[in-house]
Visitor: 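The following block contains the structure, expressed as structure tokens.
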Amino acid sequence: MTSSAGSAGSARPVTSTDTLTRDALAVLQPGFTGTTAPDWLLRRLGEGLASVGLFGRNVADPAQLAALTGRLRSEREDLLVAIDEEGGDVTRLEVRCGSSFPGNHALGAVDDTALTREVARELGRRLAECGVNLNWAPSADVNSNPANPVIGVRSFGADPHLVARHTAVYVEGLQSTGVAACTKHFPGHGDTAVDSHHDLPRIAADLATLRGRELVPFRAAVAAGTRAVMSAHILLPALDAHRPATLSPAALHGLLRAPVAEGGLGFDGLIVTDGMEMQAVSAAYGLERGSVLALAAGADALCVGGGLADEDTVLRLRDALVRAVHEGELPESRLADAAARVRALARWSRSAGAGQGAEPVPGIGLAAARRAVRLTADGPYEPLTAPAYVAAFTPLANIAVGDDTPWGVAAELARLLPGTETTTCTAESAAAAGSAALIGGLLSAAGDRRVVAVVRDVHRHPWMADALRTLLDARPDTAVVEMGVPQAPPRGAPHLATHGAARVCGRAAAELLTGLRRPSNGQ
């Protein structure tokens with residue numbers, strides 16, 4: 001199967017409007033609001049819509065989700081139901097309680113590919129049970145920039161080869177359950193200091209660096225048979241000086257699709273865009289124009305469900321694509337090819353026998369989280385035996401993670417040590433009071449209880465580093481739990497790095513803090 005790209009040329013005769021309309025609907029992956037399927041969505045499924053994207057707002061529990069996907073498939077059996085379920089910090093299945101899986105950075109810290117494969121298989125089994133057959137995961141980004149505000153613990157790590165081997169087995173484990181992997185964010189979002197939800201990141205790396213770093217995990221994913229790849233809204237001038245990767249024929253058609261012999265990755269599966277409503281694309285091009293350019297560049301499916309979840313968005317994009325074909329801006333063959341790839345992936349999922357033969361491994365996520373914790377004790381460490389006072393230094397959550405998912409160790413410590421209390425410290429509260437006053441009030445509230453400071457990417461947040469330094473100067477026996485990327489020098493008595501902020505990471509940390517479990521050094 002080949003994909004055309006480049007300029008569309010002048011307008012020319014096209015096939016029937018009905019065929020074009022069905023193909024235009026087929027390439028959309030829209031979202032919706034609520035935990036039941038709205039009438040407009042069911043109606044559009046009958047008219048050609050072939051994919052639906054699910055988010056935390058659509059999920060209450062597994063039974064509800066299974067009923068929802070069953071209702072959707074009563075209108076269209078060969079339907080792609082996609083979700084952004086990375087595990088770890090980015091979870092939709094467990095958006096309100098925190099994930100049962102520790103996430104990529106924790107798996108990379110353990111560096112046991114058999115464990116990663118097993119975690120991905122169990123995650124895939126749970127998705128398949130709920131009727132989901134396309135997962136916008138794994139993240140294959142190499143987190144080479146410590147200042148990255150949006151990838152961080154979503155990455156397996158900063159070593160391209162470590163990321164590559166774990167990406168490959170993750171793809172294999174997930175797809176063994178009949179759930180298609182969508183490896184992201186091509187050609188690599190790790191070397192950015194800007195979140196593409198808000199603006200257009202620019203990566204200054206040359207092509208040699210790109211091939212030797214960012215592309216290494218994507219080559220491994222393609223070799224492992226990933227059924228889909230998600231494009232990133234990032235500008236790489238060495239590849240395309242004008243358009244971000246999602247809109248760039250050089251990135252999608254020339255690099256991702258091109259044969260290996262011609263310097264490409266030889267990928268022949270489904271290319272899915274990152275959310276088209278993200279500011280990196282929509283602010284400069286607009287939703288309709290950006291969508292046309294993405295299809296023309298080689299994308300096959302347009303993810304538009306994150307912040308745009310209504311019928312009007314679907315109709316606007318459908319009509320924009322049909323109009324672009326009629327006006328010669330989008331080749332008819334390119335739209336037909338994209339729609340065919342969407343339908344082909346749906347057929348694969350049905351033939352793969354989603355979830356069949358996968359035995360449940362309910363404790364695998366916690367086991368992985370326990371192995372991922374690293375403990376550095378500053379002198380003799382006495383486990384907590386009495387109620388503690390938890391200070392959660394909380395940064396602003398990025399959009400991919402969201403504000404609805406709880407994190408930290410306070411809930412687990414309170415379960416193990418009833419009477420434990422917590423307070424939240426933010427950049428705003430630190431700016432308003434100053435570090436000295438903030439920590440003074442915190443210590444006054446803590447009294448003689450042991451303090452546990454919970455931080456997240458302390459190296460990226462000067463206010464957090466200042467407040468933590470002030471706290472440790474006043475109370476050197478403070479235990480510190482870093483639940484982001486452990487980039488800053490460890491301080492605390494003890495210092496724990498969980499490599500992620502999922503619920504199971506909090507539980508693993510609480511077990512160590514209370515002496516219920518000894519550190520395992522990753523084994």
Visitor: If every non-hydrogen atom of A168 is compared with every non-hydrogen atom of A224, which pair is closest and at what distance?
Guide: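 So the minimum-distance heavy-atom pair works out to O-CB, 3.7 Å.
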Visitor: Please tell me whether S349 and N133 have a donor and an acceptor in their side chains that are separated by less than 3.5 angstrom.
Guide: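 Side-chain D/A pair, S349 to N133: present.
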Visitor: Tell me yes or no: between the side chains of H189 and N148, is some donor less than 3.5 Å from an acceptor?
Guide: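 There is no such pair (donor and acceptor under 3.5 Å, judged by atom type) between the side chains of H189 and N148.
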Visitor: Given V169, which partner from the list T113, L174, V119 fulfils the side-chain contact (heavy atoms from CB on, under 4.5 Å) test?
Guide: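 In the set T113, L174, V119, the residue that makes a side-chain contact (heavy atoms from CB on, under 4.5 Å) with V169 is T113.
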Visitor: Please determine, by modelled atom types, if E85 and T91 share a side-chain donor-acceptor pair under 3.5 angstrom.
Guide: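 Result is yes, a qualifying pair exists.
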Visitor: Report the distance from atom CG of L302 to atom OG of S291, rounding to the nearest 0.5 Å.
Guide: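 Taking CG in L302 and OG in S291, the distance rounds to 5.0 Å.
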Visitor: Look at the aromatic rings of H105 and H499 and report parallel, tilted or perpendicular, splitting at 30° and 60°.
Guide: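 The rings of H105 and H499 sit tilted, inter-plane angle from 30° to 60°.
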Visitor: Apply the test side chain to side chain donor-acceptor pair (under 3.5 Å) to residues Q29 and W136: give CA-CA distance (whole Å), side-chain angles for both, the deciding distance (0.1 Å), then the verdict.
Guide: CA-CA 12 Å; Q29 290 190 346; W136 294 319; 3.3 Å; yes
Visitor: Atom CG of L321 and atom CG of L335: how far apart are they, to the nearest 0.5 Å?
Guide: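 Rounded to the nearest 0.5 Å, the CG-CG separation comes to 6.5 Å.
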Visitor: Which atoms form the tightest heavy-atom contact between D141 and G190, and what is the distance?
Guide: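 Closest approach of D141 to G190: CB-N, 3.9 Å.
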Visitor: Taking F32's backbone N and O only, do any of them form a donor-acceptor pair with R57's side chain (distance below 3.5 Å, no angle check)?
Guide: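 Indeed, once roles are kept as given, a pair shorter than 3.5 Å links the two residues.
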Visitor: Could you work out, with side chain to side chain donor-acceptor pair (under 3.5 Å) as the rule, every residue matching D23, not counting sequence neighbours?
Guide: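 With neighbours one apart ignored, the set is R343.
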Visitor: Cut-off 3.5 Å, side chains only: do R456 and T394 have a donor facing an acceptor?
Guide: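 Looking only at side-chain atoms, T394 and R456 do not form any donor-acceptor pair under 3.5 Å.
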Visitor: Apply side chain to side chain donor-acceptor pair (under 3.5 Å) to E75 and list each qualifying residue two or more places apart in sequence or on a separate chain.
Guide: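 Residues passing side chain to side chain donor-acceptor pair (under 3.5 Å) with E75: R71.
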Visitor: Of all residues at least two apart in sequence or in a different chain, which pass the side-chain contact (heavy atoms from CB on, under 4.5 Å) check with D78?
Guide: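 Result, side-chain contact (heavy atoms from CB on, under 4.5 Å) vs D78: R76, A346, R350.
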Visitor: Between D39 and R43, does any side-chain N to carboxylate O distance fall below 4.0 Å?
Guide: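 Here D39 does not pair with R43 in a salt bridge, since their nearest N and O are not under 4.0 Å apart.
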Visitor: Show the numbers, then the answer: is there a side chain to side chain donor-acceptor pair (under 3.5 Å) between T21 and E47?
Guide: CA-CA 8 Å; T21 298; E47 296 173 0; over 6 Å; no
Visitor: Give the intermediate values and the outcome of side chain to side chain contact (heavy atoms under 4.5 Å, CB included) for residues R371 and L115.
Guide: CA-CA 10 Å; R371 291 180 61 184; L115 176 67; 3.9 Å; yes
Visitor: Strictly by modelled atom types, are T246 and T273 linked by a side-chain donor-acceptor pair under 3.5 Å?
Guide: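 No, no side-chain donor-acceptor contact under 3.5 Å.
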Visitor: Measure across P30 and V314 and return the closest heavy-atom pair with its distance rounded to 0.1 Å.
Guide: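 Where P30 meets V314 most closely, the heavy atoms are CB-CG2, 3.6 Å.
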Visitor: Find the distance between CG (D337) and CG (D300) and round it off to the nearest 0.5 Å.
Guide: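 Separation between the atoms: 6.0 Å.
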Visitor: So how far is it from R121 CZ to L123 CG, rounded to the nearest 0.5 Å?
Guide: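 That separation rounds to 12.0 Å.
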Visitor: Checking W348 against Q175: is there a side-chain donor and acceptor pair closer than 3.5 Å?
Guide: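 No, no side-chain donor-acceptor contact under 3.5 Å.
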